[in-house]
Amino acid sequence: MKKSFPVLTWFLPAVSGLIFISLWYGVRVVSGLQSWILPTPVEIVAAAVHEHTRLLAAAGHTALGALGGFLLAAIFGFFTSLMLGLSKSLRASLYPWLLVLQMTPVIVLTPIIMLWAGPGMPGIITITWLISYFPIVANMTQGLLSTDMNHVALFRMCNARRWQEVLLLRVPAALPYYLAGLRIAATLAPIGAIFGEYMVGNASGGTGGLGFLVYSYNTQIKIPALFATALTSCLLGFVFVAAVAWLNWAFLHKWHDSFEQADH
Amino acid sequence: MESVPPIVKFTSLQKRYGVGPVVLDTINLTVAPDDFISFIGPSGCGKSTILKLVSGLSPGSTGELTVMGVKPREARDRQAFIFQDATLLPWLTAQLNVEIPLRLRGRPAVERQTTARKMLELVGLGKVADYYPRQLSGGMKMRVSIARALTLTPQLLLLDEPFGALDEMTRNRLNEELLAVRSLSPFTALFVTHSVTEAVFLSNRIVVMAANPGRFYAEVAIDFPYPRRPELRGQPEFQAKVNEVTRLLHEVEISPSS
Ligand SMILES: Nc1ncnc2c1ncn2[C@@H]1O[C@H](COP(=O)(O)OP(=O)(O)OP(=O)(O)O)[C@@H](O)[C@H]1O
Ligand SMILES: [Mg+2]
């Protein structure tokens, strides 16, 4: 099989990216804006290089908070969904309250969380957890409820026990849904951590992390460094999403239709 | 007159789903161990419901139904169900799919593997044991499904339009294979189909059903001896039976209610 040049995956994004950067330069030159309002890409990279020790340390701190909250959400989300998906009465009694929790903006809860969990890593992890928890629960519960009725009939015909039906049928069938939930959570977790750090930075004079850097660069009006922080956050987000995409691939590529190889 | 106890016995059975209309009315049927009965009739006449009743997936409303002398549910471990789509678990290989019934019964791994292997070879799929369902053709999936149903050597096999989604050539081949498998590991069969030729080729009895309410309209005996060769399909006696059943089906479809 001959591999064709990956026009769609590499070439076109590269072209559109270059166009975007040129436009950026163009706007800067034509408008005559100052560097501290709209830095050029080169100035941003320079700021990133200059600030790289702080940025890296902050990224590590944020990654830790995001990972902690993400893992908590993944683990608790899994078990919450099992409860919701397998018991009608639990679903009826708990799901509305989960929705209420989801509808409450985290920003409103932040001071309370800081008060209860403390302003350091525990608070940040709690915020991240809250933000990434719901998509996981919603997706996985849906998955547990969508089991093919014929598969269920097959298991009943074999006199399967309830736990066998859950372990061998419902959970594997819900796995793609769970992973879809994790994918959404992976985009939210770094955002949650950075937001948490930003609030903590505001509240207590700082504990590190990209969110705190945003706060501190902003007050110092170090705008290129602020852009560099945005860039770093973006990269961190990519790492998270890529990790979950890998997990998704590892679990599903052998059998799931979403990984059906096109046959050219 | 008969000394063999019936495998399945319907006595004036009536079925409604919940408080809905009568779906099956006054069903009387006695199934002997060596029967291969096909049910044929217009859509919605209750063919699938017959199988659901026998398997105990759905209870009868009034009347009586025994399977191997006991309630349908209690006879489950001696029967197997083959659904229209193969209902393979997509995350398991063909081999592991065939192992499922054994696994659910807590059989040891070694026994599971050898039995499943043997069943897959029986349906000619030894080579693709490690394929996932999405890598199998429709016909292969159906064969895996048959292998899975046979792992526990059921006395009674329920088949709900198992070959309905397949092209005619594949369907004919699988019909022949099903009879071949049955001669090696005998089972009573209740078979739902829309294809008259398939019913005539496979069965010794064909029940033609009518709808609104679902009921048995006529029964046709097919006396060709087993094993049946593919050439049977070309013979005038075969064609005569096909015509007879087709005619009954027309009658049923022209006068839908009694
Ligand atoms: N779970 C159910 N709840 C309520 N009504 C049902 C249910 N299953 C089937 N029915 C009704 O029972 C009747 C018979 O359905 P059944 O599926 O047995 O028909 P069928 O002969 O198998 O049809 P087809 O050839 O289309 O598969 C239909 O009118 C259908 O609407
Ligand atoms: Mg049906």
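In the text below, chain A, chain B and the rest are named by the order of the sequence lines, each starting its count at 1. Atom set for the values below is all heavy atoms of this structure, side chains included, hydrogens, waters and symmetry mates excluded.
Relative ring orientation between Phe240(A) and Phe70(A) is described as perpendicular, the plane-to-plane angle rising above 60° on a 0-90° scale split at 30° and 60°.
Residues of residues 138-149 of chain B that come within less than 4.5 angstrom of chain A, heavy atom to heavy atom, are Arg148(B) in numerical order.
In this structure a side-chain-to-backbone donor-acceptor pair under 3.5 Å is present from Arg134(B) to His256(A). Between the side chain of Asn204(B) and the main chain of Phe36(B), a donor-acceptor pair closer than 3.5 Å is present. Arg78(B) places no side-chain N or O within 3.5 Å of a backbone atom of Val67(B) that could act as its donor or acceptor partner.
For Leu89(B), the parts sitting under 4.5 Å from any heavy atom of chain A are the backbone and the side chain alike. In this structure, the portions of Leu168(A) lying under 4.5 Å from any heavy atom of chain B include both its backbone and its side chain. For Leu88(B), the part lying under 4.5 angstrom from a heavy atom of chain A is the backbone only.
To the nearest 0.5 Å, the span separating CG on Leu72(A) from CD1 on Ile136(A) amounts to 10.0 Å. Taking OG of Ser87(A) as the start and CG of Leu82(A) as the end, the distance is 11.5 Å to the nearest 0.5 Å.
For the set Lys254(A), Arg161(A), Arg156(A), the entry with the most heavy-atom pairs within less than 4.5 Å of chain B is Lys254(A). Counting heavy-atom pairs under 4.5 Å between each of Trp91(B), Tyr132(B), Phe83(B), Phe81(B) and chain A puts Trp91(B) at the top.
A donor-acceptor pair shorter than 3.5 Å cannot be found between the side chains of Arg16(B) and Ser61(B).
Put simply, the residue from Leu178(B), Asp160(B), Leu157(B), Leu51(B) that forms a side chain to side chain contact (heavy atoms under 4.5 Å, CB included) with Phe191(B) is Leu178(B).
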